[in-house]
There are 2 protein chains.
Amino acid sequence: MATDAPATPGELAPEDRLRAAGLRVTAPRLGVLTALEREPHADADTVARHVRAALGAVSTQAVYDVLHALTEAGLLRRIEPAGSAARYETRVGDNHHHLVCRSCGVVVDVECSGDAVPCLTPEPAHGFVVDEAEVTFWGLCPTCTSESKENA
Amino acid sequence: MATDAPATPGELAPEDRLRAAGLRVTAPRLGVLTALEREPHADADTVARHVRAALGAVSTQAVYDVLHALTEAGLLRRIEPAGSAARYETRVGDNHHHLVCRSCGVVVDVECSGDAVPCLTPEPAHGFVVDEAEVTFWGLCPTCTSESKENA
DNA sequence: TCGCTAACTTGACTCATTCCAGATAAGACT
DNA sequence: AGTCTTATCTGGAATGAGTCAAGTTAGCGA
(Lines give C-alpha, C1' and ligand atoms only; values in the text may rest on other atoms or scores of the structure.)
Protein backbone atom coordinates (compact mmCIF):
# COMPACT_ATOMS: atom_id res chain seq x y z
CA MET A 1 0.00 0.00 0.00
CA ALA A 2 1.02 3.56 -0.58
CA THR A 3 2.43 5.45 2.35
CA ASP A 4 0.61 8.64 3.25
CA ALA A 5 -1.92 8.52 0.50
CA PRO A 6 -3.42 11.92 -0.23
CA ALA A 7 -6.72 12.50 1.53
CA THR A 8 -8.50 13.45 -1.63
CA PRO A 9 -7.86 11.39 -4.72
CA GLY A 10 -6.10 13.43 -7.34
CA GLU A 11 -4.56 15.68 -4.73
CA LEU A 12 -1.01 15.79 -3.53
CA ALA A 13 0.10 14.69 -0.11
CA PRO A 14 0.55 17.50 2.44
CA GLU A 15 4.31 17.47 1.95
CA ASP A 16 4.07 17.83 -1.79
CA ARG A 17 1.47 20.54 -1.56
CA LEU A 18 3.83 22.58 0.57
CA ARG A 19 6.68 22.07 -1.88
CA ALA A 20 4.46 22.86 -4.83
CA ALA A 21 3.60 26.15 -3.18
CA GLY A 22 7.29 26.93 -2.68
CA LEU A 23 7.09 26.56 1.08
CA ARG A 24 9.45 24.72 3.31
CA VAL A 25 8.25 21.45 4.70
CA THR A 26 8.22 21.69 8.47
CA ALA A 27 6.61 19.65 11.18
CA PRO A 28 4.19 22.36 12.34
CA ARG A 29 3.04 22.95 8.78
CA LEU A 30 2.43 19.29 8.14
CA GLY A 31 0.72 19.09 11.49
CA VAL A 32 -1.64 21.91 10.65
CA LEU A 33 -2.52 20.43 7.28
CA THR A 34 -3.12 17.02 8.78
CA ALA A 35 -5.20 18.45 11.61
CA LEU A 36 -7.42 20.29 9.15
CA GLU A 37 -7.82 17.24 6.99
CA ARG A 38 -8.93 15.33 10.01
CA GLU A 39 -11.18 18.09 11.30
CA PRO A 40 -12.20 20.58 8.65
CA HIS A 41 -13.53 23.98 9.71
CA ALA A 42 -11.52 23.96 12.93
CA ASP A 43 -10.55 27.26 14.49
CA ALA A 44 -7.00 28.28 15.39
CA ASP A 45 -7.27 26.98 18.91
CA THR A 46 -8.58 23.59 17.86
CA VAL A 47 -5.87 23.29 15.24
CA ALA A 48 -3.29 24.13 17.88
CA ARG A 49 -4.60 21.39 20.15
CA HIS A 50 -4.52 18.81 17.37
CA VAL A 51 -1.02 19.79 16.35
CA ARG A 52 0.21 19.64 19.93
CA ALA A 53 -1.36 16.25 20.43
CA ALA A 54 0.56 15.01 17.40
CA LEU A 55 3.87 16.82 17.79
CA GLY A 56 4.23 17.88 21.41
CA ALA A 57 4.86 21.53 22.16
CA VAL A 58 4.09 23.99 19.40
CA SER A 59 3.79 27.68 20.14
CA THR A 60 0.57 29.54 19.54
CA GLN A 61 2.54 31.95 17.43
CA ALA A 62 3.71 29.19 15.19
CA VAL A 63 0.15 28.01 14.65
CA TYR A 64 -1.01 31.48 13.67
CA ASP A 65 2.05 31.97 11.47
CA VAL A 66 1.45 28.68 9.71
CA LEU A 67 -2.23 29.35 9.22
CA HIS A 68 -1.41 32.71 7.68
CA ALA A 69 1.37 31.40 5.50
CA LEU A 70 -0.73 28.53 4.18
CA THR A 71 -3.75 30.73 3.61
CA GLU A 72 -1.57 33.22 1.76
CA ALA A 73 -0.14 30.41 -0.34
CA GLY A 74 -3.61 29.21 -1.21
CA LEU A 75 -3.34 25.88 0.60
CA LEU A 76 -5.96 26.86 3.14
CA ARG A 77 -9.13 28.83 2.98
CA ARG A 78 -10.13 30.97 5.88
CA ILE A 79 -13.80 31.37 6.69
CA GLU A 80 -15.27 33.53 9.36
CA PRO A 81 -18.92 32.81 10.09
CA ALA A 82 -20.53 35.64 12.06
CA GLY A 83 -20.25 35.00 15.76
CA SER A 84 -17.40 32.53 15.74
CA ALA A 85 -13.64 32.70 15.50
CA ALA A 86 -11.93 32.24 12.14
CA ARG A 87 -12.02 28.69 10.82
CA TYR A 88 -9.85 27.03 8.24
CA GLU A 89 -10.27 24.30 5.67
CA THR A 90 -8.10 22.51 3.16
CA ARG A 91 -10.71 22.46 0.41
CA VAL A 92 -9.57 25.25 -1.83
CA GLY A 93 -10.05 26.08 -5.46
CA ASP A 94 -13.52 24.70 -5.81
CA ASN A 95 -16.54 26.88 -5.36
CA HIS A 96 -18.29 25.31 -2.43
CA HIS A 97 -20.28 27.04 0.26
CA HIS A 98 -21.13 26.58 3.90
CA LEU A 99 -24.02 25.63 6.06
CA VAL A 100 -23.74 26.90 9.62
CA CYS A 101 -25.81 25.85 12.61
CA ARG A 102 -27.07 28.85 14.55
CA SER A 103 -27.22 26.83 17.71
CA CYS A 104 -24.01 24.80 17.94
CA GLY A 105 -21.94 26.54 15.30
CA VAL A 106 -21.04 23.43 13.36
CA VAL A 107 -20.07 24.07 9.74
CA VAL A 108 -20.61 21.70 6.84
CA ASP A 109 -19.76 22.05 3.18
CA VAL A 110 -22.43 22.32 0.54
CA GLU A 111 -21.83 22.06 -3.14
CA CYS A 112 -22.83 25.03 -5.22
CA SER A 113 -26.31 24.03 -6.42
CA GLY A 114 -26.10 22.45 -9.84
CA ASP A 115 -22.87 22.63 -11.73
CA ALA A 116 -23.07 26.30 -12.67
CA VAL A 117 -22.15 29.08 -10.29
CA PRO A 118 -25.48 30.72 -9.65
CA CYS A 119 -24.75 33.92 -7.86
CA LEU A 120 -21.23 34.67 -8.92
CA THR A 121 -22.06 37.94 -10.60
CA PRO A 122 -24.39 40.48 -9.11
CA GLU A 123 -26.02 42.33 -11.95
CA PRO A 124 -25.05 45.97 -11.71
CA ALA A 125 -21.86 45.55 -9.74
CA HIS A 126 -21.87 49.21 -8.72
CA GLY A 127 -18.53 49.62 -10.45
CA PHE A 128 -16.97 46.95 -8.28
CA VAL A 129 -14.58 44.37 -9.69
CA VAL A 130 -16.01 41.26 -8.09
CA ASP A 131 -13.78 38.24 -7.64
CA GLU A 132 -15.72 36.01 -5.30
CA ALA A 133 -19.21 35.21 -4.18
CA GLU A 134 -19.44 33.75 -0.72
CA VAL A 135 -22.63 32.00 0.25
CA THR A 136 -23.46 31.05 3.81
CA PHE A 137 -26.59 29.18 4.70
CA TRP A 138 -27.86 29.57 8.23
CA GLY A 139 -30.09 27.17 10.07
CA LEU A 140 -30.20 24.37 12.60
CA CYS A 141 -28.29 21.15 12.28
CA PRO A 142 -30.15 17.84 12.68
CA THR A 143 -28.95 17.41 16.26
CA CYS A 144 -29.97 20.87 17.39
CA THR A 145 -33.27 20.58 15.53
CA SER A 146 -34.29 17.46 17.39
CA GLU A 147 -33.11 18.90 20.69
CA SER A 148 -35.25 21.98 20.26
CA LYS A 149 -38.22 19.78 19.39
CA GLU A 150 -37.80 17.85 22.60
CA ASN A 151 -37.99 21.03 24.62
CA ALA A 152 -41.11 22.18 22.82
CA MET B 1 -44.44 69.91 5.37
CA ALA B 2 -44.53 66.81 7.47
CA THR B 3 -42.29 66.71 10.50
CA ASP B 4 -39.83 63.83 10.66
CA ALA B 5 -40.88 62.11 7.51
CA PRO B 6 -39.90 58.44 7.39
CA ALA B 7 -36.67 57.83 5.55
CA THR B 8 -38.19 55.22 3.30
CA PRO B 9 -41.59 55.94 1.84
CA GLY B 10 -44.13 53.52 3.16
CA GLU B 11 -42.13 52.92 6.31
CA LEU B 12 -42.80 54.17 9.76
CA ALA B 13 -40.77 56.85 11.48
CA PRO B 14 -38.12 55.54 13.92
CA GLU B 15 -40.35 56.29 16.89
CA ASP B 16 -43.27 54.34 15.51
CA ARG B 17 -41.12 51.45 14.48
CA LEU B 18 -39.94 51.13 18.07
CA ARG B 19 -43.47 51.25 19.40
CA ALA B 20 -44.67 48.79 16.81
CA ALA B 21 -42.01 46.38 18.01
CA GLY B 22 -43.16 46.82 21.59
CA LEU B 23 -40.01 48.63 22.64
CA ARG B 24 -39.72 51.74 24.73
CA VAL B 25 -38.88 54.88 22.89
CA THR B 26 -35.65 56.30 24.25
CA ALA B 27 -33.16 58.83 23.01
CA PRO B 28 -30.33 56.33 22.47
CA ARG B 29 -32.60 54.07 20.43
CA LEU B 30 -33.83 56.88 18.24
CA GLY B 31 -30.25 58.03 17.89
CA VAL B 32 -29.07 54.62 16.75
CA LEU B 33 -31.85 54.27 14.20
CA THR B 34 -31.22 57.75 12.83
CA ALA B 35 -27.48 57.18 12.69
CA LEU B 36 -27.95 53.98 10.70
CA GLU B 37 -30.38 55.62 8.35
CA ARG B 38 -27.81 58.31 7.70
CA GLU B 39 -24.91 55.88 7.44
CA PRO B 40 -25.94 52.33 6.65
CA HIS B 41 -23.46 49.48 7.32
CA ALA B 42 -21.81 51.39 10.15
CA ASP B 43 -20.11 49.41 12.92
CA ALA B 44 -20.88 49.80 16.63
CA ASP B 45 -18.15 52.36 17.13
CA THR B 46 -19.27 54.53 14.24
CA VAL B 47 -22.85 54.36 15.42
CA ALA B 48 -21.70 55.39 18.90
CA ARG B 49 -19.91 58.43 17.50
CA HIS B 50 -22.93 59.51 15.50
CA VAL B 51 -25.22 59.08 18.48
CA ARG B 52 -22.90 61.02 20.75
CA ALA B 53 -22.64 63.82 18.22
CA ALA B 54 -26.39 64.06 18.28
CA LEU B 55 -27.18 63.45 21.92
CA GLY B 56 -24.10 64.11 23.99
CA ALA B 57 -22.84 61.37 26.29
CA VAL B 58 -24.09 57.86 25.61
CA SER B 59 -22.33 54.85 27.06
CA THR B 60 -20.72 52.28 24.83
CA GLN B 61 -22.70 49.62 26.61
CA ALA B 62 -25.95 51.38 25.79
CA VAL B 63 -25.02 51.38 22.13
CA TYR B 64 -24.35 47.64 22.19
CA ASP B 65 -27.54 47.00 24.15
CA VAL B 66 -29.57 49.03 21.72
CA LEU B 67 -28.00 47.35 18.70
CA HIS B 68 -28.76 43.94 20.20
CA ALA B 69 -32.30 44.82 21.22
CA LEU B 70 -33.16 46.29 17.85
CA THR B 71 -31.58 43.40 16.01
CA GLU B 72 -33.51 40.98 18.18
CA ALA B 73 -36.71 42.90 17.51
CA GLY B 74 -36.08 42.75 13.79
CA LEU B 75 -35.57 46.48 13.33
CA LEU B 76 -31.92 46.05 12.44
CA ARG B 77 -29.96 43.48 10.56
CA ARG B 78 -26.48 42.61 11.66
CA ILE B 79 -23.84 41.67 9.11
CA GLU B 80 -20.30 40.63 9.82
CA PRO B 81 -18.04 40.55 6.79
CA ALA B 82 -14.86 38.60 7.47
CA GLY B 83 -12.12 40.86 8.73
CA SER B 84 -14.26 43.69 9.99
CA ALA B 85 -16.36 44.36 13.04
CA ALA B 86 -20.10 43.75 13.01
CA ARG B 87 -22.06 46.23 10.94
CA TYR B 88 -25.73 47.11 11.10
CA GLU B 89 -28.37 48.30 8.69
CA THR B 90 -31.99 49.32 8.84
CA ARG B 91 -32.97 47.51 5.65
CA VAL B 92 -34.64 44.42 6.97
CA GLY B 93 -37.18 42.05 5.62
CA ASP B 94 -36.08 42.18 2.02
CA ASN B 95 -33.62 39.68 0.67
CA HIS B 96 -30.73 41.84 -0.40
CA HIS B 97 -27.07 41.00 -0.33
CA HIS B 98 -23.75 42.76 0.09
CA LEU B 99 -20.77 43.75 -1.94
CA VAL B 100 -17.64 44.29 0.14
CA CYS B 101 -14.41 45.97 -0.94
CA ARG B 102 -11.37 43.90 0.01
CA SER B 103 -9.25 46.99 0.14
CA CYS B 104 -11.21 49.68 1.99
CA GLY B 105 -13.95 47.54 3.51
CA VAL B 106 -16.83 49.62 2.20
CA VAL B 107 -20.13 47.74 1.97
CA VAL B 108 -22.89 48.38 -0.54
CA ASP B 109 -26.22 46.70 -1.01
CA VAL B 110 -27.01 44.61 -4.05
CA GLU B 111 -30.40 43.41 -4.98
CA CYS B 112 -30.84 39.71 -5.23
CA SER B 113 -30.45 39.15 -8.98
CA GLY B 114 -33.84 39.02 -10.62
CA ASP B 115 -36.91 38.92 -8.45
CA ALA B 116 -36.60 35.33 -7.39
CA VAL B 117 -34.39 34.18 -4.58
CA PRO B 118 -31.71 32.21 -6.38
CA CYS B 119 -29.70 30.44 -3.77
CA LEU B 120 -32.07 30.28 -0.87
CA THR B 121 -32.14 26.53 -0.68
CA PRO B 122 -29.04 24.39 -0.94
CA GLU B 123 -30.07 21.14 -2.51
CA PRO B 124 -29.35 18.40 -0.03
CA ALA B 125 -29.43 20.44 3.15
CA HIS B 126 -27.62 17.70 5.07
CA GLY B 127 -30.60 17.47 7.37
CA PHE B 128 -30.32 21.13 8.30
CA VAL B 129 -33.35 23.34 8.64
CA VAL B 130 -32.16 26.34 6.67
CA ASP B 131 -33.73 29.72 7.35
CA GLU B 132 -31.43 32.14 5.60
CA ALA B 133 -28.98 32.34 2.74
CA GLU B 134 -26.42 35.07 3.11
CA VAL B 135 -24.55 36.11 0.01
CA THR B 136 -21.45 38.28 0.15
CA PHE B 137 -19.65 39.43 -2.96
CA TRP B 138 -15.99 40.30 -2.58
CA GLY B 139 -14.02 42.59 -4.83
CA LEU B 140 -12.63 46.06 -5.24
CA CYS B 141 -14.70 49.21 -5.16
CA PRO B 142 -14.33 51.73 -7.98
CA THR B 143 -12.08 53.99 -5.92
CA CYS B 144 -9.71 51.23 -4.84
CA THR B 145 -9.69 49.81 -8.35
CA SER B 146 -8.50 53.06 -9.89
CA GLU B 147 -5.97 53.57 -7.11
CA SER B 148 -4.44 50.18 -7.70
CA LYS B 149 -4.25 50.92 -11.41
CA GLU B 150 -2.33 54.12 -10.74
CA ASN B 151 0.28 52.23 -8.78
CA ALA B 152 0.68 49.65 -11.50
C1' DT C 1 -48.79 61.46 39.57
C1' DC C 2 -46.96 56.92 40.97
C1' DG C 3 -44.59 52.82 40.62
C1' DC C 4 -42.96 48.99 38.03
C1' DT C 5 -39.66 47.51 35.11
C1' DA C 6 -37.04 48.10 31.04
C1' DA C 7 -33.23 50.73 29.76
C1' DC C 8 -28.94 53.03 30.81
C1' DT C 9 -24.38 53.92 33.39
C1' DT C 10 -19.88 52.57 34.99
C1' DG C 11 -16.08 49.83 35.11
C1' DA C 12 -13.87 45.56 35.15
C1' DC C 13 -13.15 41.73 32.28
C1' DT C 14 -12.82 37.92 28.45
C1' DC C 15 -11.32 36.31 24.12
C1' DA C 16 -9.20 35.94 19.60
C1' DT C 17 -5.68 37.75 17.43
C1' DT C 18 -1.61 40.51 16.44
C1' DC C 19 2.86 42.60 17.29
C1' DC C 20 7.51 42.63 19.05
C1' DA C 21 12.26 41.21 19.27
C1' DG C 22 16.03 38.57 20.11
C1' DA C 23 17.52 33.77 20.22
C1' DT C 24 17.50 29.17 18.26
C1' DA C 25 16.53 25.57 15.03
C1' DA C 26 16.15 23.36 10.83
C1' DG C 27 15.11 23.29 5.42
C1' DA C 28 17.39 23.20 1.09
C1' DC C 29 20.65 24.72 -2.35
C1' DT C 30 25.67 24.30 -3.51
C1' DA D 1 28.88 18.72 4.75
C1' DG D 2 28.44 23.82 5.00
C1' DT D 3 26.07 27.93 4.71
C1' DC D 4 22.35 30.84 3.97
C1' DT D 5 17.77 31.72 4.95
C1' DT D 6 13.50 31.09 6.50
C1' DA D 7 10.72 29.21 10.39
C1' DT D 8 9.89 28.69 14.95
C1' DC D 9 10.31 29.61 20.03
C1' DT D 10 9.81 32.16 24.40
C1' DG D 11 6.96 35.13 26.46
C1' DG D 12 5.41 39.44 27.12
C1' DA D 13 2.45 43.05 25.89
C1' DA D 14 -1.13 45.31 23.36
C1' DT D 15 -5.33 45.68 20.67
C1' DG D 16 -10.12 45.82 19.50
C1' DA D 17 -14.60 43.96 19.81
C1' DG D 18 -17.68 42.66 22.71
C1' DT D 19 -19.59 40.84 27.46
C1' DC D 20 -20.77 40.64 32.51
C1' DA D 21 -22.52 42.53 36.74
C1' DA D 22 -24.49 45.70 39.91
C1' DG D 23 -26.46 49.86 40.69
C1' DT D 24 -29.20 54.10 38.92
C1' DT D 25 -32.50 56.44 35.81
C1' DA D 26 -36.46 57.20 33.29
C1' DG D 27 -40.69 55.42 29.95
C1' DC D 28 -45.13 54.65 30.17
C1' DG D 29 -49.41 52.33 31.72
C1' DA D 30 -52.55 52.56 35.66
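Computed over heavy atoms, backbone and side chain alike; hydrogens, waters and symmetry mates excluded. Chain letters run A, B, ... following the sequence lines, proteins first, then strands; residues in each count from 1. Every value quoted in this text rests on a predicted model; they were computed, and no experiment measured them.
- Looking at A:Asp109 and A:His97, their side chains never come closer than 4.5 Å, going by heavy atoms from C-beta outward.
- Take the nearest nucleotide of DNA chain D for B:Ala44 and for B:Val25: the residue whose nucleotide is more 5' is B:Ala44.
- Set against C:dA7, C:dA28, C:dC8, the side chain of B:Leu23 has C:dA7 as its closest nucleotide.
- When rounded to the nearest whole Å, the span between CG of A:Asp65 and C1' of C:dT17 equals 12 Å.
- In this structure, A:Ala69 reaches neither bases nor backbone, as no heavy-atom distance under 4.0 Å exists between it and the strands shown.
- Using a 4.0 Å heavy-atom cutoff across all strands shown, A:Ala27 reaches no nucleic acid atom at all.
- Rounded to whole Å, atom C1' of C:dT24 lies 15 Å from atom CD of A:Gln61.
- A heavy-atom distance below 4.5 Å is not found between the side chains of B:Arg24 and B:Leu18.
- Along DNA chain D, the nucleotide nearest B:Thr26 and the nucleotide nearest B:Ala85 are compared for position; the residue whose nucleotide lies closer to the 5' end is B:Ala85.
- Spacing between atom CG of B:Leu70 and atom C1' of C:dC8 amounts to 14 Å, rounded to whole angstrom units.
- Annotation: proximity of residues 72-83 of chain B to DNA chain D (heavy atom, distance under 4.0 Å) is found for B:Arg78, numbered in ascending order.
- Using a 4.0 Å cut-off, no side-chain N or O of A:His68 falls inside it from OP1 or OP2 of C:dT17.
- Side-chain atoms of A:Val107 and A:Leu99, non-hydrogen and from C-beta on, never get closer than 4.5 Å to each other.
- A:Glu39 CD: more than 12 foreign heavy atoms inside a 6.0 Å radius.
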Practice problem: Test B:Arg52 against B:Ser59 for side chain to side chain donor-acceptor pair (under 3.5 Å), laying out the working first. | Solution: CA-CA 9 Å; B:Arg52 285 180 188 129; B:Ser59 71; over 6 Å; no
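- Evaluation of atom-type donor-acceptor distances gives no pair under 3.5 Å for the side chain of B:Arg24 against the base of C:dA7.
- One interatomic measurement links the two molecules: CG of B:Leu18 to P of C:dA6, which rounds to 16 Å at whole-angstrom precision.
- Applying the 4.0 Å criterion to OP1 and OP2 of C:dG27, one finds that A:Arg19 has every side-chain N and O outside that range.
- Aromatic ring orientation, A:His68 versus A:Tyr64: tilted (interplanar angle from 30° to 60°).
- Between the side chain of A:Thr46 and the backbone N or O of A:Ala42, no donor-acceptor pair lies under 3.5 Å.
- A salt bridge is defined here as a Lys NZ or Arg NE, NH1 or NH2 lying under 4.0 Å from an Asp or Glu carboxylate O, and B:Glu89 with B:Arg78 fails to meet this definition.
- In this structure, B:Ser59 reaches the bases: a heavy-atom distance under 4.0 Å links it to at least one base atom across the strands shown.
- Look at B:Arg91 and B:Glu111 and you find a salt bridge, because one of the NZ, NE, NH1 or NH2 atoms lies within 4.0 Å of a carboxylate O, short of that distance.
- In summary, contact between chain A and DNA chain D, defined as any nucleotide atom under 4.0 Å from a heavy atom of the protein, begins and ends at D:dT5 to D:dG11 in the 5' to 3' direction.
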